[in-house]
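Note on naming: letters A, B, ... go to the chains in the order of the sequence lines (proteins, then strands), and numbering restarts at 1 for each one.
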Amino acid sequence: MAAEPTLKKVFEDIELPLVPVLSRIERTGALVDDTLLFQQSQELSARLGELETEAWELAGQQFNLASPKQLGQILFEKLQIPVLKKTAKGAPSTKEEVLQELALDYPLPKVLLEHRGLAKLKSTYTDKLPTMINSVTGRIHTSYHQSGTATGRLSSSDPNLQNIPIRSAEGRRVRQAFIAAPGCKLVAADYSQIELRIMAHLSEDPSLLAAFSAGQDIHRATAAEVFGVETDEVTIDQRRSAKAINFGLIYGMSAFGLARQLGINRKQAAEYIELYFTRYPGVQSYMNNIRHSAAENGFVETVFGRRLYLPEINASNGMRRQAAERTAINAPMQGTAADIIKLAMINVHNWLENSDLTSKIIMQVHDELVLEVPESEMDEVQKGLKGLMESAAELLVPLVVDIGVGDNWDEAH
DNA sequence: AGGTTAAGCGCG
DNA sequence: AAAGCGCGCTTAACCT
């Protein structure tokens, strides 16, 4: 790593060499099986119709389920359901979190939740993606944008292939429609816990460095430290809490936010955080140092010198200042991860171009690369890909890449 | 008719 | 009073 990273270096080492990689992705694109999506669309239509009927019965009238105005009137006026939360403009909120809460006591919110989830799936993915298949290439070609994000990540649009569903079973059917060409498989390679590894690198916290160097399950290790138990005695619930703490730290979350996330009281959440900082003092120092350095310099930067300027870091408005502080905490980690995968993309691309291999990078999803790989090249590509991604940067902790293979994108995970 | 904003939600 | 970072897309509601 350069002793004094510079913005010029980021531009010359990362951004310019990435250009041909991205144009190549545009030329390759992803194959999508539209008959699978068509089938799913039919099923969704049927289910959405049932749910709409159920909702109308529970409401005692017909209404547009997608209309916040009509929905609000029915839930909070007609049915007299209490308003738990309001939107920025003062209207009663009907977002998922609220409906989940209300679903415990009332039948309609539950129906709305399922309807909303499936409607989103259908309109954004199932029905939309087939219309985006290029008639000449038979593939979907997204646009990757190299500039525009605050942290140095790419973004993807028209269509956005960086938010294809994965968390629900119904959603994964969309992912199953992303398929490999005949004779090929899809290979998905993703960095394991890259932002937490970068946090370990930046903070140089001994326990965190040790945990990663030993190849430990980081959430389990955190749980063991925070809850004072042996790693093999960590419960599911303790690991879940530790995971929330770890992610919360990356985002600069407060005790209030952690409490809400875990459904515990604020005092308890504050104790968790305090205990965490006792066990990982380097992380606490890092958080404080980055706040101070941001306030002094007016910017933060990644390991490679990519800067993010934070004009509100010294704002007199406390809320704005705190928001800038959270960004100051998150941006070096998110941004360094973005730099690393960009370097990996350049290296992988050059390696493939300068070989006889015909495998291609076809997608990037922040910490994941997806390649279309002929079966004859499978072993060589998997090995090379993993090696190049893991050696894209040398941090104080190892970078680890998990690789999956399948006939479709879901299987490859 | 066409653009913009707000709310909501998909992903890392 | 707010309270967790970064994106893009869809619909409704509002505006010109």
Side-chain angles (χ1 to χ4, degrees), chain A residues 63-72 85-99 112-113 115-129 132 142-145 147-168 170-172 174-175 188 190-196 199 244-262 266 269-270 273 300 308 310 317-335 337-338 341 363-369 409 413:
Chain A
F63 69 102
N64 181 354
L65 274 67
S67 161
K69 207 171 159 183
Q70 294 177 44
L71 189 55
K85 195 173 190 298
K86 296 203 170 179
T87 66
K89 292 195 94 186
S93 168
T94 65
K95 65 171 168 180
E96 179 175 353
E97 188 187 321
V98 172
L99 292 182
L112 294 171
L113 279 169
H115 186 278
R116 200 180 268 177
L118 296 181
K120 170 105 179 173
L121 203 59
K122 185 172 188 288
S123 65
T124 311
Y125 306 102
T126 309
D127 287 347
K128 178 69 185 207
L129 290 175
M132 304 293 289
T142 185
S143 296
Y144 286 104
H145 308 287
S147 67
T149 67
T151 56
R153 274 187 175 183
L154 300 180
S155 70
S156 158
S157 72
D158 310 295
N160 181 356
L161 294 188
Q162 292 178 321
N163 70 345
I164 301 300
I166 191 171
R167 294 172 190 171
S168 74
E170 195 62 35
R172 277 197 297 276
V174 173
R175 206 165 265 250
D190 67 282
Y191 283 107
S192 164
Q193 307 295 354
I194 189 164
E195 292 186 12
L196 282 172
M199 186 167 87
I245 294 171
N246 279 331
F247 273 98
L249 284 165
I250 292 175
Y251 300 148
M253 188 167 61
S254 65
F256 181 95
L258 183 64
R260 211 176 47 149
Q261 169 83 24
L262 292 178
R266 202 188 323 184
I273 292 174
V300 292
L308 178 64
L310 299 164
N317 179 325
M319 213 175 63
R320 287 171 180 268
R321 189 178 61 250
Q322 283 167 23
E325 285 174 0
R326 291 193 294 273
T327 305
I329 287 171
N330 175 260
M333 295 186 265
Q334 188 182 126
I341 196 166
M363 290 185 278
Q364 190 258 37
V365 192
H366 308 307
D367 66 352
E368 170 186 7
L369 295 180
W409 195 6
H413 271 271

| Under 3.5 Å, is there a donor-acceptor pair between the A:Gln334 and A:Thr151 side chains? | yes
| request: Could you go through the side chain to side chain contact (heavy atoms under 4.5 Å, CB included) check for A:Thr142 and A:Asp158 one step at a time? | output: CA-CA 6 Å; A:Thr142 185; A:Asp158 310 295; over 6 Å; no
| Strictly by modelled atom types, are A:Arg116 and A:Thr94 linked by a side-chain donor-acceptor pair under 3.5 Å? | yes
| Counting any heavy atom closer than 4.0 Å, what does A:Ile164 reach on the DNA or RNA strands: base, sugar-phosphate only, or nothing? | sugar-phosphate
| task | Determine the contact category for A:Arg153: base if any of its heavy atoms lies under 4.0 Å from a base atom, sugar-phosphate if only primed atoms, P, OP1 or OP2 are that close, otherwise nothing. | result | base
| query | Is there a side-chain polar atom (N or O) of A:Asn64 under 4.0 Å from OP1 or OP2 of C:dA12? | reply | yes
| query | Side chain of A:Ser157, backbone of A:Asn160: donor and acceptor closer than 3.5 Å? | reply | no
| query | A:Ser155 has a side chain; which of C:dG8, B:dA7, B:dG10 sits nearest to it? | reply | C:dG8
| So what does A:Asp190 hit on the nucleic acid, given a heavy-atom distance under 4.0 Å: a base, only sugar-phosphate, or nothing? | nothing
| A:Thr327 has a side chain; which of C:dC5, C:dT10, C:dA12 sits nearest to it? | C:dC5
| Side-chain N or O of A:Lys89 closer than 4.0 Å to phosphate OP1/OP2 of B:dA7 | no
| said: Taking only the P atom of each, what is the distance from C:dA1 to B:dC9 in whole angstrom? | reply: 25 Å
| field | Side chain of A:Thr124 - closest among C:dG6, C:dA3, C:dT10 | value | C:dT10
| query | What nucleotide among B:dG8, C:dG6, C:dA12 has an atom nearest to a side-chain atom of A:Gln334? | reply | C:dG6
| task | Report the distance from atom CD of A:Glu195 to atom P of C:dC7, rounded to the nearest whole Å. | result | 13 Å
| How far does the P atom of C:dA2 sit from the matching atom of B:dA6, given to the nearest Å? | 16 Å
| field | Nucleotide nearest A:Asn163 when distance is taken to its side chain, options C:dC7, B:dG10, C:dT11 | value | B:dG10
| said: Is there a side-chain contact between A:Arg116 and the phosphate of B:dC9, meaning an N or O under 4.0 Å from OP1 or OP2? | reply: yes
| query | Tell me: NE2 of A:His145 to P of C:dG8, nearest whole Å? | reply | 7 Å
| Looking for any heavy atom pair under 4.0 Å, which part of the strands does A:Leu121 touch: base, sugar-phosphate only, or nothing? | nothing
| query | Is any side-chain N of the basic residue among A:Arg260 and A:Glu97 closer than 4.0 Å to the acidic one's carboxylate O? | reply | yes
| message | With a 3.5 Å cut-off and heavy atoms only, can you find an N or O donor on one side and an acceptor on the other between the side chain of A:Asn160 and the base of C:dG8? | response | no
| field | Whole angstrom value for the distance that separates C1' of B:dG12 from CD of A:Glu368 | value | 9 Å
| message | Using Watson-Crick or G-U wobble geometry with both distances under 3.5 Å, which nucleotide pairs with B:dA1? | response | C:dT16
| query | B:dG8 phosphate, OP1 or OP2: any side-chain N/O from A:Thr87 under 4.0 angstrom? | reply | no
| note | A:His366 atom NE2 is separated from B:dG10 atom P, nearest whole Å, by 16 Å
| task | Report yes if a donor N or O on one partner sits less than 3.5 Å from an acceptor N or O on the other, where the partners are the side chain of A:Arg167 and the base of B:dG10; otherwise report no. | result | no
| message | Checking contacts here: which listed nucleotide (B:dG8, C:dA3, C:dT10) is nearest the side-chain heavy atoms of A:Ser93? | response | B:dG8
| note | Separation of C:dA12 atom C1' from A:Lys69 atom NZ, nearest Å, is 10 Å
| Could you give the CG-to-P distance, from A:Leu71 to C:dA13, as a whole number of Å? | 10 Å
| message | Hydrogens and angles aside, do A:Ser93 and A:Thr87 bring a side-chain donor and acceptor to less than 3.5 Å of each other? | response | no
| query | With distance as the sole test, does A:Arg175 use its side chain to make a donor-acceptor pair with the main-chain N or O of A:Pro165 at under 3.5 Å? | reply | yes
| message | Nearest to the side chain of A:Thr94, heavy atoms from C-beta on, is which of B:dG8, C:dA3, C:dG8? | response | B:dG8
| request: Check the distance between C:dA2's P and A:Met253's CE and give it to me in whole angstrom. | output: 19 Å
| field | A:Lys120 side chain, from C-beta outward: closest of B:dG8, C:dG6, B:dC11 | value | B:dG8
| note | Heavy-atom nearest nucleotide on DNA chain C taken for A:Tyr251 and for A:Ser67; more 5' hit belongs to A:Tyr251
| field | Length of the CG-P vector between A:Asp367 and C:dG6, whole Å | value | 17 Å
| field | Given B:dG12, C:dA3, B:dG10, the nucleotide with the shortest approach to the side chain of A:Val365 | value | B:dG12
| query | So what does A:Ala91 touch, heavy atoms closer than 4.0 Å: a base, only the sugar-phosphate, or nothing? | reply | nothing
| field | Nucleotide forming a Watson-Crick or wobble pair with C:dA3, both distances under 3.5 Å | value | none
